[in-house]
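Just so you know, ligand 1 is whichever comes first in the structure, and atom 1 is the first atom listed for that ligand. Given the structure is predicted, the values throughout are model-derived calculations rather than measurements.
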Amino acid sequence: MGKNLLDKVWDLHSVRELDSGQTQLFIGLHLVHEVTSPQAFSMIREAGLGVPFPERTFATVDHIIPTDSQARPLKDGQAESMMSAIERNCREFGIQFFSTATGHQGIVHVIGPELGLTQPGMTIACGDSHTSTHGAFGAVAFGIGTSQVRDVLASQCLAIERPKARRIVVTGKLAPGVYAKDVILHVIRRLGVKGGVGYAYEYAGPVIEAMSMEERMTVCNMSIEGGARLGYVNPDQKTIDYLRGREFAPKGAAFDEAARWWLSVASAADASYDDVVTLAGEDIAPTVTWGINPGQAIGVAEPIPSAEQFAADERSTIDDAYEYMGWHKGDHVAGTKIDVAFIGSCTNGRLSDLREAARVAKLGRVKPGVKALVVPGSQEVARAAEAEGLHEVFTAAGFEWRLAGCSMCLAMNPDKLVGRQVCASSSNRNFKGRQGSPSGRTLLMSPAMVAAAAITGTVTDVRELLDAGKTQGEAR
Ligand code: SF4
């Protein structure tokens, strides 16, 4: 039997097997941001160590950066000191830092691919759990903790266990109004938030193959929400076409040579897996979370499931979700009034996400009383969107057009929910208090669904709006 991509890339980067059963794995690309790196740099300094491969490490600022004004010094003293720390650390250790002045700043998982740093067959680590995003390119990419950031800085290696491989095949095709976000929410709903623990997810099948690179990034991004530390898609012609001409991608004949190698790391047709799961694309509806983890998700037309529909050991989590979110038995998420609409994040803050949301934003105006934010994932996304006039579409419809950053995904910056506000969000986590208010409530959905909720003021099946828009267009 042939090898799957995980095993090929793992074996190529394995320095040796350790007595612990772990692998000493060489890390091809290390991405760094301001939140999980300061302590790691301090530990390196205190131990008198250096960074032997600074050319393999790249840094940006995303979590703490405000999205209204990024003028220095930043108004928040703690944010300013984190910004100063990453600037100082990168200078001292010779690491390239994409500051706001470079035009390349943005969320670490948005800028890696758009700069061509992320390439197939690489091992990629970053002190951030959504590093799985980069797996969309056929890379073995995963999040690490602060002490592991130190290890990679000091040695370019990690001691890590090889995960098992689960192939998730999505057959058929998606209906109009159903997006990559719905696919991954559906996967997590079906397999559970812990279903992927110990696994790498290989996403495959006609639905995944038909996706753009940006859509594949959305899917891989949320692998960790299903418990899988990494997720990937086998590289194909779309991967190569995306990378051609990117700043850090090889050039000329070297690119063609690299492209041949990239295709060779894809899983063999007869590769073996520890598990295979098949889901039908036709079964996936626009999906919305109703609870306090991303697996508590339903098709927008479905009622919220009652505790009796779950296994006995899950019921306390379900009860907890009901209480925190304020639901009653028989409630539907559709029709729920929202206070805030957030379009952005490393899951859904890319150009194609903004295009889909703008298509919906054109159909109306933000409902009075709703605060609606559109936050591009990077400065490059912002430039591309502005060149297409998307910012004008959003602002004409009453959305705020912001500067690049993580914004309200994690609210380590001024963009926060207040009190019990309900937020329709294109981000990836709906944990209690995730968006900055200890009692704030998050409903995860696709960017088009967020735009629909912003316009109607309630959770709405985006297909109804798109169909109504089509009918109006035909009538005109
Ligand atoms: S957008 Fe959210 S999930 Fe992504 S890196 Fe930023 S805080 Fe983390």
Proximity to ligand 1 by part of His33, non-hydrogen separation under 4.0 Å:
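For His33, there is no contact with ligand 1 at all, from either part.
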Is the closest heavy atom of Asp62 to ligand 1 under 4.0 Å?
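It does not; every heavy atom stays at 4.0 Å or beyond.
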Answer yes or no for Met222: is there a heavy-atom contact with ligand 1 below 4.0 Å?
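The answer is no: ligand 1 sits nowhere under 4.0 Å from a heavy atom of Met222.
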Could you list which atoms of ligand 1 come closer than 4.0 Å to a heavy atom of [X]?
| X | result |
| --- | --- |
| Leu410 | 7 (S) |
| Asn428 | 3 (S) |
| Arg434 | 2 (Fe), 3 (S) |

Without hydrogens or angle criteria, can the side chains of Ser267 and Asn4 be said to hold a donor-acceptor pair below 3.5 Å?
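No, because no side-chain N or O of Ser267 sits under 3.5 Å from a partner of the opposite role on Asn4.
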Restricting to N/O/S atoms, is Cys346 within less than 2.8 Å of atom 6 (Fe) of ligand 1 or not?
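No, Cys346 does not qualify, because none of its backbone or side-chain N, O or S atoms lies under 2.8 Å.
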With respect to atom 7 (S) of ligand 1, which of His63, Met412, Met408 exhibits the smallest heavy-atom separation?
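Considering heavy atoms of His63, Met412, Met408, the nearest to atom 7 (S) of ligand 1 sits in His63.
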Has His130 got an N, O or S atom lying less than 2.8 Å from atom 2 (Fe) of ligand 1?
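False for His130.
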For [atom], which protein heavy atom lies nearest, and how many Å away is it?
| atom | result |
| --- | --- |
| atom 5 (S) of ligand 1 | Asp128 OD2, 3.6 Å |
| atom 6 (Fe) of ligand 1 | Cys406 SG, 2.3 Å |
| atom 2 (Fe) of ligand 1 | Cys409 SG, 2.3 Å |

May I ask you to decide whether [X] forms a salt bridge with [Y], counting only side-chain N to carboxylate O separations under 4.0 Å?
| X | Y | answer |
| --- | --- | --- |
| Glu400 | Lys371 | yes |
| Asp461 | Arg463 | yes |
| Glu356 | Lys181 | no |
| Glu114 | Arg383 | no |
| Asp236 | Arg216 | yes |

Check step by step if salt bridge (charged side-chain N to carboxylate O under 4.0 Å, His left out) holds for Lys238 and Glu215.
CA-CA 12 Å; Lys238 273 186 202 168; Glu215 291 171 310; over 6 Å; no
Hey, mind stepping through Ser132 and Tyr201 against side chain to side chain donor-acceptor pair (under 3.5 Å) and telling me if it holds?
CA-CA 10 Å; Ser132 54; Tyr201 280 174; over 6 Å; no
